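Because only heavy atoms are used, hydrogens play no part in the values below, and waters and symmetry mates are left out as well, while side chains stay in. Everything numeric in this text was worked out from a predicted model, so none of it was measured.
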Amino acid sequence: MQDKLTLRKIPKQKRSIERYHRIMEVTFDLLGEVGYEALNTDLIAARSGIPIGSIYQFFPNKESIVYTHAEFCFINLHDQFFHKIATELEKFKKFNQKFLEKTLSIYIETLANVRGYHLIESVLYTNPKLRDLDRESNERFAKSLADRVILRFFPKLEKKRAFYIASIIVEIVDSTYKVIANTRNPKVRAGLLSELKNLLFQYFLSFS
């Protein structure tokens, strides 16, 4: 992936915004169909019906389209998840297994709602800047998890330790769901999810 990953032009007019979204949509349709290596701006232009010159008004290359969408996916996942969790937190006075199961259910639901997220996961290792973006996303997630959830249920924890705990949880969940997403056998998927729930619940019990 090349170094030029930022937008050349931020769309402001209605037509520009529509074209921008069309480019993003088509890019990720093609990414799923032909793969990252075969993807190029000529294909994007042909499928979208948008002249290649207009694509270059926004993006210098295919890499910048993927990077821009990755940023959107990670922020969208974070914001959607914690918006939904805020509602659940009002229903629970203390941490318990029911809250944990609801939280994981919301995470699965949110992942499914963020279009193109799993495709982003599949191309993370094409460039270190995408991996940096993934790391920054996990750090943002961990900070919010520590501040909004862990310290609410366990206020006696030191803030620094709460962040460390949240970081471990985020990495475990992130890694496990990557495995689950690539597992076709429903029984294996269910087994992995069950073990994840047990692992997290026992971990929470250790500092409650």
Q) Given side chains that start at C-beta, do those of Cys73 and Glu121 come closer than 4.5 Å, heavy atoms only? A) no
(Q) Using a strict threshold of under 4.0 Å (side-chain N to carboxylate O), is an ion pair present between Glu139 and Arg135? (A) yes
Q.
How long is the straight-line distance from CG of Asp134 back to CG of Leu124, given to the nearest 0.5 Å?
A. 4.5 Å
Q) Roughly how far, to the nearest 0.5 Å, is NZ of Lys197 from CD of Gln97? A) 8.5 Å
Q: Would you tell me whether His69 and Thr27 have side-chain atoms, one donor and one acceptor, within less than 3.5 Å of each other?
A: no
Q: Tell me, with the steps shown, if Phe59 and Thr41 meet side-chain contact (heavy atoms from CB on, under 4.5 Å).
A: CA-CA 10 Å; Phe59 304 100; Thr41 49; over 6 Å; no
Q: Nearest 0.5 Å please: distance from the CD1 atom of Ile44 over to the CG atom of Leu30.
A: 6.5 Å
Q. For Phe163, does its backbone N or O pair with a side-chain atom of Ser167 as donor and acceptor, under 3.5 Å?
A. yes
Q: Find out whether Lys84 and Glu109 are in side-chain contact, i.e. whether some heavy atom of one side chain is under 4.5 Å from a heavy atom of the other.
A: yes
Q | Flag, side chain of Asn182 to backbone of Lys178, donor-acceptor distance under 3.5 Å | A | yes
Q: Count the heavy atoms of every other residue, nucleotide or ligand shown that sit under 6.0 Å from NZ of Lys102, and state whether that count exceeds 12.
A: no
Q.
Does Tyr107, at its OH atom, have more than 12 non-hydrogen atoms belonging to other residues, nucleotides or ligands within less than 6.0 Å?
A. yes
Q) Would you call Glu101 and Lys98 a salt bridge, taking side-chain N to carboxylate O under 4.0 Å as the test? A) no
(Q) To the closest 0.5 Å, what do you measure between OG (Ser64) and CZ (Phe58)? (A) 11.5 Å
**Q.** Val114 side chain reached by Phe74 side chain, heavy atoms, under 4.5 Å
**A.** no
Q | Any donor-acceptor pair under 3.5 Å from Thr126 side chain to Val123 backbone | A | yes
Q) Between CD of Glu71 and OG of Ser137, what distance do you get to the nearest 0.5 Å? A) 10.5 Å
**Q.** Residues Asp174, Phe141; criterion side-chain contact (heavy atoms from CB on, under 4.5 Å); working and verdict
**A.** CA-CA 11 Å; Asp174 185 45; Phe141 223 93; over 6 Å; no
Q | Pair Lys62 + Asp42: basic N to acidic O under 4.0 Å | A | no
Q: Taking all non-hydrogen atoms of both residues into account, name the closest pair between Arg22 and Ser48 and its distance.
A: NE-O, 3.6 Å
Q: For the residue pair Thr68 and Met24, establish whether any side-chain heavy-atom pair is separated by less than 4.5 Å.
A: yes
Q. Just by modelled atom types, is the Gly191 backbone N or O under 3.5 Å from a matching donor or acceptor in the Ser194 side chain?
A. no
Q | Proximity of Phe204 and Phe153 rings by center, below 6.0 Å | A | no
**Q.** Residue pair Tyr203 / Ile168, side-chain heavy-atom distance below 4.5 Å
**A.** yes
Q | Shortest non-hydrogen contact between Glu88 and Ile106, atoms and distance | A | CG-CD1, 3.5 Å
Q: I would like to know whether Leu200 and Leu104 meet side-chain contact (heavy atoms from CB on, under 4.5 Å); could you show each step before the answer?
A: CA-CA 10 Å; Leu200 292 179; Leu104 289 174; 4.2 Å; yes
Q | Arg148 side chain to Ile85 backbone, donor-acceptor under 3.5 Å | A | no
Q: Report yes or no: do Phe201 and Phe99 belong to one cluster of Ile/Leu/Val/Met/Phe/Trp/Tyr joined by side chain heavy-atom distances under 4.5 Å?
A: yes
Q | Lys/Arg-Asp/Glu bridge criterion (N-O < 4.0 Å) met for Lys129, Glu63 | A | no
Q) Any link between Leu145 and Leu199 through a network of hydrophobic side chains (Ile, Leu, Val, Met, Phe, Trp, Tyr) touching at under 4.5 Å? A) yes
**Q.** Arg189 (side chain) donor-acceptor with Ile180 (main chain) under 3.5 angstrom
**A.** yes
**Q.** Close side-chain approach of Leu193 to Thr176, heavy-atom, < 4.5 Å
**A.** no
Q) Do you know which two heavy atoms are closest between Leu133 and Ala70, and how far apart they sit? A) CD2-CB, 3.7 Å
Q.
Could you check whether any side-chain heavy atom of Thr110 comes within less than 4.5 Å of a side-chain heavy atom of Phe82, counting everything from C-beta outward?
A. no
Q: Spell out, yes or no, whether Tyr164 and Leu205 are grouped together once hydrophobic residues are joined by side-chain heavy atoms under 4.5 Å, including indirect joins.
A: no
Q: Over all heavy atoms of both residues, which pair between Leu157 and Ile165 is shortest? Give the atoms and the distance, please.
A: CD1-CD1, 4.0 Å
**Q.** Shortest non-hydrogen contact from Leu43 toward Leu39
**A.** CD1-CA, 4.4 Å
Q. Measuring from Asn113:CG to Ile108:CD1, what's the distance to the nearest 0.5 Å?
A. 12.0 Å
Q: Please assess Phe28 against Ile120 for the test side-chain contact (heavy atoms from CB on, under 4.5 Å), listing each intermediate value before the final yes or no.
A: CA-CA 9 Å; Phe28 279 85; Ile120 289 295; 3.6 Å; yes
**Q.** Intermediate values then yes/no, ring pair (Phe, Tyr, Trp, His ring centres under 6.0 Å), Phe95 and Phe92
**A.** CA-CA 7 Å; Phe95 176 84; Phe92 291 87; 9.1 Å; no
**Q.** Derivation of the salt bridge (charged side-chain N to carboxylate O under 4.0 Å, His left out) call for Glu18 and Arg15
**A.** CA-CA 5 Å; Glu18 288 174 350; Arg15 187 183 181 197; over 6 Å; no
Q. Do Ile55 and Arg19 have side-chain heavy atoms sitting under 4.5 Å apart?
A. no
